[in-house]
S.K.: 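Let me begin by handing over the structure; questions about it come next.
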Number of protein chains: 2
Amino acid sequence: MSDTTKVPLQTVERLSRYRRVLADLQDTGIESVFSHRLADLVGVTPAQLRRDLSIFGSFGNVARGYDVATLHRTIGRLLGTDQVQTLALIGMGNLGRTLLMYRGFEERGFHIGPVFDRDREKVGKVFAGRRCYALEELETVLPDFSCRMAILACGPGGLDALTARLANLGVAALLNFVPQRISAPPGVFVEDVDLSAKLEKLSFLSRR
Amino acid sequence: MSDTTKVPLQTVERLSRYRRVLADLQDTGIESVFSHRLADLVGVTPAQLRRDLSIFGSFGNVARGYDVATLHRTIGRLLGTDQVQTLALIGMGNLGRTLLMYRGFEERGFHIGPVFDRDREKVGKVFAGRRCYALEELETVLPDFSCRMAILACGPGGLDALTARLANLGVAALLNFVPQRISAPPGVFVEDVDLSAKLEKLSFLSRR
DNA sequence: CCTCTGCTGTTATTGCATTCACAGCAGGGC
DNA sequence: GCCCTGCTGTGAATGCAATAACAGCAGAGG
Ligand SMILES: NC(=O)c1ccc[n+]([C@@H]2O[C@H](COP(=O)([O-])OP(=O)(O)OC[C@H]3O[C@@H](n4cnc5c(N)ncnc54)[C@H](O)[C@@H]3O)[C@@H](O)[C@H]2O)c1
Ligand SMILES: NC(=O)c1ccc[n+]([C@@H]2O[C@H](COP(=O)([O-])OP(=O)(O)OC[C@H]3O[C@@H](n4cnc5c(N)ncnc54)[C@H](O)[C@@H]3O)[C@@H](O)[C@H]2O)c1
C-alpha cells in the first residue's frame with residue numbers, strides 16, 4: 001500500500017483527474033462506477049486506472065465496481081485535500097490578482113491567505129478580501145497562517161533568497177509561475193507553470 | 001536527424017528550457033558553452049542535454065562546445081518560433097485579460113491576435129489593443145488572422161462544439177485552461193493547464 | 001610531429017511507466 | 001446447487017526515457 005516513496009509521479013497527477021470526474025458523478029447522483037466507465041470519462045485505459053488505485057489499496061468491488069462517494073473521499077484524503085489548506089501568494093500583479101479572484105481553488109480545498117508584494121504602492125491595498133503585506137513582513141505575518149504551500153507570481157528578482165526565506169518558515173511546496181529555474185532548498189517541492197514552454201511544445205507538435 | 005515521429009515528448013519540453021538559457025547567455029555576451037555548463041544552468045544532466053540535441057543533429061564542436069547564437073537560432077527553428085505566430089484567445093474574463101497583458105508571449109514569438117467571447121457585454125470592448133469579437137463571428141473573423149493555435153480561457157459550456165469549430169478553421173493546437181476533459185478532433189493537439197491538479201500534486205508530495 | 005586532455009555524439013544499460021493477460025471470485029440465472 | 005459472466009487486482013511483458021559508458025577526435029602543449 002501507500003509506501004509513499006514508490007508512487008509514480010504521473011499516478012499522482014492522474015489522481016486529481018479521477019477526483020474531478022468522481023465529483024461530477026457524485027453531483028449527478030451516480031453511486032457506483034466500473035473502472036471501464038470511469039476510465040473512459042477520465043480519458044485513460046481501465047488497466048491504468050486500476051493499477052493507479054491498486055498502489056494505494058483495494059477500493060473496488062466486483063459486483064458494483066467502485067463506490068463513487070467513498071472513492072472520492074479516499075482520493076481526497078490521499079492528496080491531502082480533505083481539509084482546507086491555506087496558501088501564501090507572492091506578487092499581487094495581474095496574475096496574482098487573477099488567481100485571487102479564481103473560485104476554482106476554494107472548490108478544491110485551497111484557500112489563498114496572506115498576499116505579499118515588494119512594491120510599496122501595492123502594500124496595504126485590499127483585493128478580493130485580502131490585504132497585501134510588504135515582503136519584509138513575511139517572517140512576522142506568515143506564521144499566523146501556517147502555510148505549507150506558496151504561489152510565486154512575482155518578478156524574477158531575488159527569487160532564490162525568497163524561496164530560502166519561505167523554506168525557513170515551513171513552506172514545503174511552491175507553485176512557480178516565474179519563468180526561471182529555481183534552486184529550491186532541499187525538501188521543498190517546486191512545480192513550474194511555464195506557459196511559453198507549453199506554447200512552444202504545441203508549436204513543435206502542430207508542425208508535424 | 002529530425003525524424004519527426006521519434007522525438008520524445010519530454011525532449012521537446014526541455015528544448016524550451018535550453019532556449020531560454022541560451023537567450024540569457026547570448027544577452028550576457030557569451031559566445032560558446034560546453035554541455036556541462038549549459039546543462040548545469042538548465043538543471044539537467046550533461047548526458048541528457050547531448051542526447052536531446054543529438055536527436056536533431058550534431059551542433060557541437062569538441063573544442064568550443066556549442067555556439068550560443070547558432071544553437072539558440074536552431075532550437076527556435078525546431079520549435080517553430082523563429083517567426084511570430086498569431087494565436088486566437090477564447091474568453092476575455094479575468095484570465096484572458098491577464099494573458100493579453102502579459103509581455104512574455106511576445107518575447108517568445110507568440111502574438112495574441114483576435115479575442116472572442118460569448119458574453120455580449122464584452123463584445124466590442126477593447127483591451128490591450130484588441131477588440132473582442134462575438135463567438136458567432138468566429139468563422140468570419142478567424143481566417144483573416146490565419147491562427148494555427150488558440151488559447152481556451154472561457155467557461156466550460158459547449159467546449160466540444162467550440163473545439164470542433166476551431167479545428168474546422170485550421171486550428172491545430174489548443175492551450176486549455178478549462179478544467180475539463182476535451183475530446184479533441186483528430187490532428188488537434190491539446191495542452192492542459194490544470195493549476196488545481198498541480199496544487200494537489202504538491203499537496204501530496206509535501207505530506208511526505 | 002607526437003602525446004595527452006577532455007569534449008561530443010552514440011551505443012549499451014538501467015529504470016520506470018504502461019499495457020497485457022489472467023487468476024480469483026461475487027453475484028445472477030436457471 | 002452449480003455454472004457462467006464479467007469484474008477487480010496484480011504478476012508478467014513490453015515500451016519508452018534517463019543514465020552510464022565509451023569511441024573517436026580536435027586542438028593544446030611541448
Ligand atoms: N501574466 C501572465 O499571464 C503570466 C503568464 C506566465 C507567467 N507569468 C509570470 O508571472 C509573474 C507575474 O506576472 P504578472 O503578469 O502578474 O506581472 P506583474 O508585473 O503584473 O506583477 C508582478 C508583481 O510582483 C511584484 N514583485 C516583483 N518582484 C517581486 C519580489 N521579488 N517579491 C515580491 N513581489 C514582487 C511586483 O511589485 C508586481 O506587483 C512574472 O514572473 C511573469 O513572468 C505571468
Ligand atoms: N482565473 C484563474 O486564475 C483560472 C485558473 C485556472 C483555470 N481557470 C479557468 O479558466 C477559465 C476562465 O477563467 P476566468 O477566471 O477568466 O473566468 P471568467 O468568468 O472571469 O471569464 C470567463 C469568460 O469566458 C466567457 N465565456 C464563457 N463561456 C464561453 C464560451 N463557451 N465561449 C466563449 N466565451 C465564453 C465569459 O463570457 C467570460 O467573459 C475558466 O474555465 C477557469 O476555470 C482560471
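In what follows, chains carry the letters A, B, and so on, assigned in the order in which the sequence lines appear, proteins first and then strands, with residues in each chain numbered from 1. Worth saying up front: this structure is predicted, and the values here are computed from it rather than measured.
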S.K.: Tell me: CD of B:Q10 to C1' of C:dA17, nearest whole Å?
M.R.: 11 Å
S.K.: Taking the nucleotide of DNA chain D with the nearest heavy atom to each, does A:L53 or B:T11 sit closer to the 5' end?
M.R.: A:L53
S.K.: Is B:R14 close enough to D:dA18 that one of its side-chain N or O atoms is under 4.0 Å from OP1 or OP2 there?
M.R.: yes
S.K.: Rounded to the nearest angstrom, tell me the gap between atom CG in A:L38 and atom P in D:dC7.
M.R.: 14 Å
S.K.: Between the base of D:dG11 and the side chain of A:R51, is one N or O donor paired with an acceptor at under 3.5 angstrom?
M.R.: yes
S.K.: Would you say A:D52 and A:Y18 make side-chain contact, with heavy atoms under 4.5 Å?
M.R.: yes
S.K.: Would you kindly give the CG-to-C1' distance between A:D52 and C:dC16, to the nearest whole Å?
M.R.: 14 Å
S.K.: Just do the side chain to side chain contact (heavy atoms under 4.5 Å, CB included) check on B:L199 and A:R108 with the steps written out, would you?
M.R.: CA-CA 9 Å; B:L199 286 179; A:R108 299 295 204 92; over 6 Å; no
S.K.: So does A:E191 get a backbone contact from the side chain of A:N176, meaning a donor-acceptor N/O pair under 3.5 Å?
M.R.: no
S.K.: Report the distance from atom CG of B:N61 to atom P of C:dG9, rounded to the nearest whole Å.
M.R.: 9 Å
S.K.: How many Å lie between CG on A:D67 and P on D:dC7, as a whole number?
M.R.: 18 Å
S.K.: Could you check B:R64 against A:R50 and say which one's nearest nucleotide on DNA chain C is further toward the 5' end?
M.R.: B:R64
S.K.: For A:R37, report the nucleic acid contact type (base, sugar-phosphate, nothing); a contact means any heavy atom under 4.0 Å.
M.R.: nothing
S.K.: Is it true that a side-chain atom of A:K198 and a backbone atom of B:D192 form a donor plus acceptor pair closer than 3.5 Å?
M.R.: yes
S.K.: Counting heavy atoms from C-beta on, name the nucleotide in D:dG9, C:dT8, C:dC25 closest to the side chain of B:S35.
M.R.: C:dT8
S.K.: Once you round it to whole Å, what is the distance between C1' of C:dT8 and CZ of B:F34?
M.R.: 10 Å
S.K.: Kindly point out which of C:dT8, C:dA21, C:dA17 is positioned nearest to the side chain of A:P8?
M.R.: C:dA17
S.K.: Side chain of A:V62 only, heavy atoms from C-beta on: which candidate in C:dT8, D:dC7, D:dG27 is closest?
M.R.: D:dC7
S.K.: Within this structure, what is the NZ-to-C1' distance between B:K6 and D:dG15, rounded to whole angstrom?
M.R.: 12 Å
S.K.: Taking only side-chain N and O atoms of A:Q48, does any of them lie within less than 4.0 angstrom of OP1 or OP2 on C:dA17?
M.R.: no
S.K.: Atom CD1 of B:I55 and atom C1' of C:dT11: how far apart are they, to the nearest Å?
M.R.: 14 Å
S.K.: Looking at A:Y133 versus A:F116, is the centre-to-centre ring distance below 6.0 Å?
M.R.: yes
